[in-house]
Amino acid sequence: MKRIFLASILFFFIPVSIIFSQKKVEYLDSIQVRLKRSLDSIMQNTTNDLNSIVLKQKLKEITPPKPTVAEKQGWKSKANFSLLFNQSAFNFDWQGGGTSNIAGNTALSFEFNYKRNSLVWDNKVLADYGLTFLRGEDFARKTNDRIEFNSRLGQQIGQSLWNYSLFINFRSQFAKGYRFSKDPDTEETIRTEETHFFSPAFVQIGPGLLWKKSDNLNVNIAPVTARLIFVDDQFTSDETYVDGDYFGVDKDKNSRFEFGGSLAAYGKFMMLKNVSIENLLNLYSNYIEDPFNVDLDYTLNINLLVNKYIKGSFVFQAIYDDNATSGFQIREVIGLGLTYEF
C-alpha cells in the first residue's frame, strides 16, 4: 500500500516539476530577449561617439596596467655628432645682388650621467664650430665657436621632484675671434684679434635647488653663485684701455670675480614624430654690481630627423651681457647635414 502511495506522489510531482522548469526556461528566455531588444534600442539611439567613449573606458578598466620599468642605476651615456652645410651661388648677371658663399658647422653633444637611488650626477659637454667663406673675401669668418661643460650633482628631497644641487659651468671658445673693418685708403679688409681660447672663459659654481621632472625637463635655481671671468691681459694692458671695457675686467688684470644668483632651465619635447624642439635658458644676476641688469643666454634648437643619418637643423641664440656689449647678440643657423648618434 505504501509503495502505491509513493508511486502516485512521484507520478504527480515529476510532471509538475517538468512543467515548472519549462516555464522557468521560457521566462528566462523572455527576459533575455527583452534585454537584448532594450540594449539594441539604446545603441541605435545613442551617438557613435558616445558609444566609442564608453567602449574605450570599459577597455581601459579591464586592461591590465603596464608593468613599471625600474630606472637604470649607475652610469649611462649618449652622444650626437652633426655636420651641417650651407651654400649659395650667384653669377655676375644676377641683378638682385648677392655674394656667393659656402658655410659649414659642426656640433658635438656628449652626456654622461650617473644615478644611484636618490643621487643623480648629470654631465654634459657641448662643442660647436662653424666657418663661412665669402667670395671676394680674404678671410673666412666664424659663424659659431663654443665649448661648454656642465656638471650638476643632485640629492632628492624625500619622494618629491625637488633636489638639493651643486652645479659647475664652464664656457669658452676654440679659436681666435676677429673684428673686421675696411682700410679707408686701400679698401682692403683688416681684421683685429678680439678673443681667443680661454679669453674670455666663464666659470660658475654654486649650490641650489633642482626641480627635475625628467632628463628632458628640469630647472636649477642657485641663489648663491660665484662667477669668475678669465681673460688674456694682452687685451687689458693697452694704454687706451678703460676699466671694464673688456668683459668687465679692470685694466692690467686678467680676471674678474662676481657674486650673484643664477637660473638654468632645460626643456625638450617632440612637436611632431620626427621634429624635436629644445630650449635652453640661463640667467645670471650680479649682486655686487647692477643686480637688476640680468645676463641672459637663450638657445632654441629645432631638429628635423629625415632618417638615421640626415637631419635638418634650425638654431636661434640670443645673448645679453652688458660686460661684453651694450645690446643683444643674435645668432641664427639653418642647415641640412649629417648626424650620427652613439
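Since the model is a prediction, treat every value here as computed from it, not as a measurement.
In this structure the side chain of Arg152 reaches within 4.5 angstrom of the side chain of Asp122, judged on heavy atoms. Counting only heavy atoms from C-beta outward, the side chains of Leu280 and Asn301 approach each other to under 4.5 Å. A heavy-atom distance below 4.5 Å is not found between the side chains of Phe170 and Asn150. Using a 4.5 Å cut-off on side-chain heavy atoms (C-beta onward), Lys142 and Tyr129 make contact. Using a 4.5 Å heavy-atom threshold, the side chains of Arg191 and Arg141 count as separate. Taking 4.5 Å as the limit, some side-chain heavy atom of Val203 sits within range of a side-chain heavy atom of Phe230. Taking 4.5 Å as the limit, some side-chain heavy atom of Asn144 sits within range of a side-chain heavy atom of Arg331. Within the 4.5 Å cutoff, the side chain of Phe167 has no heavy atoms near those of the Pro207 side chain.
Remark: the Thr240 side chain and the Asp238 side chain contain an N/O donor-acceptor pair separated by less than 3.5 Å. Under 3.5 Å, the side chains of Ser82 and Thr339 contain no donor-acceptor pair of N or O atoms. A donor and an acceptor atom, one from each side chain of Asn169 and Glu148, are located under 3.5 Å apart. Between Gln173 and Thr195, the side chains place a donor N or O and an acceptor N or O closer than 3.5 Å (distance only, hydrogens not considered). Looking only at atom types and distance, the side chain of Asp297 has a donor-acceptor partner in the side chain of Gln317 under 3.5 Å away.
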> What's the verdict on salt bridge (charged side-chain N to carboxylate O under 4.0 Å, His left out) for Asp215 and Lys76, showing C-alpha distance, side-chain angles and the deciding distance?
Replying inline: CA-CA 12 Å; Asp215 288 341; Lys76 62 179 182 179; 3.4 Å; yes
>> side-chain contact (heavy atoms from CB on, under 4.5 Å) for Thr106 and Phe81? Distances and angles first, verdict last.
In response: CA-CA 8 Å; Thr106 182; Phe81 175 79; 3.2 Å; yes
>> If you apply the rule ring pair (Phe, Tyr, Trp, His ring centres under 6.0 Å), what do you find for Phe112 with Phe110, and how did you get there?
In response: CA-CA 7 Å; Phe112 51 105; Phe110 178 53; 5.3 Å; yes
> Taking it one step at a time, do Ile102 and Phe85 satisfy side-chain contact (heavy atoms from CB on, under 4.5 Å)?
Replying inline: CA-CA 8 Å; Ile102 183 171; Phe85 296 98; 5.9 Å; no
> Would Leu296 and Asn282 count as a side-chain contact (heavy atoms from CB on, under 4.5 Å) if you check the C-alpha gap in whole Å, the side-chain angles of each, and the deciding distance to 0.1 Å?
Replying inline: CA-CA 6 Å; Leu296 177 147; Asn282 290 280; over 6 Å; no
>> For Tyr320 and Val294: C-alpha separation, side-chain torsions, deciding distance, then whether side-chain contact (heavy atoms from CB on, under 4.5 Å) applies.
In response: CA-CA 8 Å; Tyr320 177 78; Val294 178; over 6 Å; no
>> With side chain to side chain donor-acceptor pair (under 3.5 Å) as the criterion, how do Ser118 and Gln155 come out once you've worked through the C-alpha distance, each side chain's angles and the decisive distance to 0.1 Å?
In response: CA-CA 6 Å; Ser118 60; Gln155 175 65 50; 2.6 Å; yes
> Step by step, would you call Phe342 with Tyr340 a ring pair (Phe, Tyr, Trp, His ring centres under 6.0 Å)?
Replying inline: CA-CA 7 Å; Phe342 54 96; Tyr340 182 69; 5.6 Å; yes
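A distance of 6.0 Å separates CG in Asn105 from CG in Leu84, rounded to the nearest 0.5 Å. Distance check, rounded to the nearest 0.5 Å: CG of Asn254 to OG1 of Thr236 gives 7.0 Å. Distance check: Ser276 OG to Leu305 CG gives 8.0 Å after rounding to the nearest 0.5 Å. Note that the CG atom of Asp322 and the CG atom of Asn293 stand 4.0 Å from one another [nearest 0.5 Å]. Atom NZ of Lys253 is separated from atom OG of Ser255 by 8.0 Å, given to the nearest 0.5 angstrom. Once rounded to the nearest 0.5 Å, the distance linking OG of Ser199 with CG of Asp233 reads 9.0 Å.
By the neighbour-count criterion of 12 heavy atoms within 6.0 Å, atom OH of Tyr287 is densely surrounded, having more than that number from other residues, nucleotides or ligands. Within 6.0 Å of NZ in Lys182 there are more than 12 heavy atoms belonging to other residues, nucleotides or ligands. Within a 6.0 Å radius of CH2 in Trp121, no more than 12 heavy atoms belonging to other residues, nucleotides or ligands are found. Few gaps surround CZ on Phe269; more than 12 heavy atoms of other groups in view lie less than 6.0 Å from it.
Distance alone, capped at 3.5 Å, is enough to place a donor-acceptor pair between the Lys115 side chain and the Asn117 backbone. No side-chain donor-acceptor contact under 3.5 Å links Asp290 to the backbone of Phe292. Side-chain atoms of Lys251 do not come within 3.5 Å of backbone N or O of Gly244 as any donor-acceptor pair. Asn163 places a side-chain N or O within donor-acceptor distance of the main-chain N or O of Leu161, the cut-off being under 3.5 Å. Counting only distance, with no hydrogens or angles, the side chain of Asn113 and the backbone of Asn123 share a donor-acceptor pair below 3.5 Å. Checking side-chain atoms of Asp145 against main-chain N and O of Phe174 turns up a donor-acceptor pair under 3.5 Å.
Geometrically, Arg227 engages Tyr284 in a cation-pi contact, judged by NZ or CZ lying under 6.0 Å from the ring centre and within 45° of the ring axis.
Within the hydrophobic cluster formed by Ile, Leu, Val, Met, Phe, Trp and Tyr side chains joined at under 4.5 Å, directly or through other members, Tyr241 is accompanied by Phe202, Ile229, Val231, Phe235, Tyr246, Phe247, Val249. Phe180 belongs to a hydrophobic cluster with Phe139, Tyr178, counting contacts under 4.5 Å between side-chain heavy atoms of Ile, Leu, Val, Met, Phe, Trp and Tyr, direct or through other members. Side-chain contacts under 4.5 Å among hydrophobic residues (ILVMFWY), followed directly or transitively, place Val315 together with Val333.
Placement of Ile168 and Leu228 in two distinct hydrophobic clusters is found when ILVMFWY residues are connected by side-chain heavy-atom separations under 4.5 Å, directly or transitively. With hydrophobic clusters built from ILVMFWY side chains whose heavy atoms lie under 4.5 angstrom apart, Leu131 does not share a cluster with Phe197. At a threshold of 4.5 Å between side-chain heavy atoms, the hydrophobic network of Ile, Leu, Val, Met, Phe, Trp and Tyr places Leu263 and Ile288 in two separate groups. A chain of hydrophobic side-chain contacts below 4.5 Å, direct or via other Ile, Leu, Val, Met, Phe, Trp or Tyr residues, connects Phe316 to Phe328. Taken together through direct or relayed side-chain contacts under 4.5 Å among Ile, Leu, Val, Met, Phe, Trp and Tyr, Leu338 and Leu108 form parts of separate hydrophobic clusters.
A pairwise comparison of heavy atoms in Glu258 and Arg256 identifies OE2-NE, 2.7 Å as the closest pair. When all heavy atoms of Pro223 and Gly208 are compared, the closest pair comes out as CD-CA, 4.3 Å. Of all heavy-atom pairs spanning Gln73 and Arg116, the tightest one is OE1-CA, 3.2 Å. In terms of heavy atoms, Asp252 sits closest to Ser237 at OD1-CA, 3.3 Å. Pairing each heavy atom of Ala107 with each of Asp128, the nearest pair is CB-OD1, 3.1 Å. The two residues Ala140 and Phe133 have their closest heavy-atom pair at CB-CE2, 3.3 Å.
Partner of Tyr164 under the side-chain contact (heavy atoms from CB on, under 4.5 Å) criterion, out of Ile157, Leu210, Leu153: Ile157 alone.
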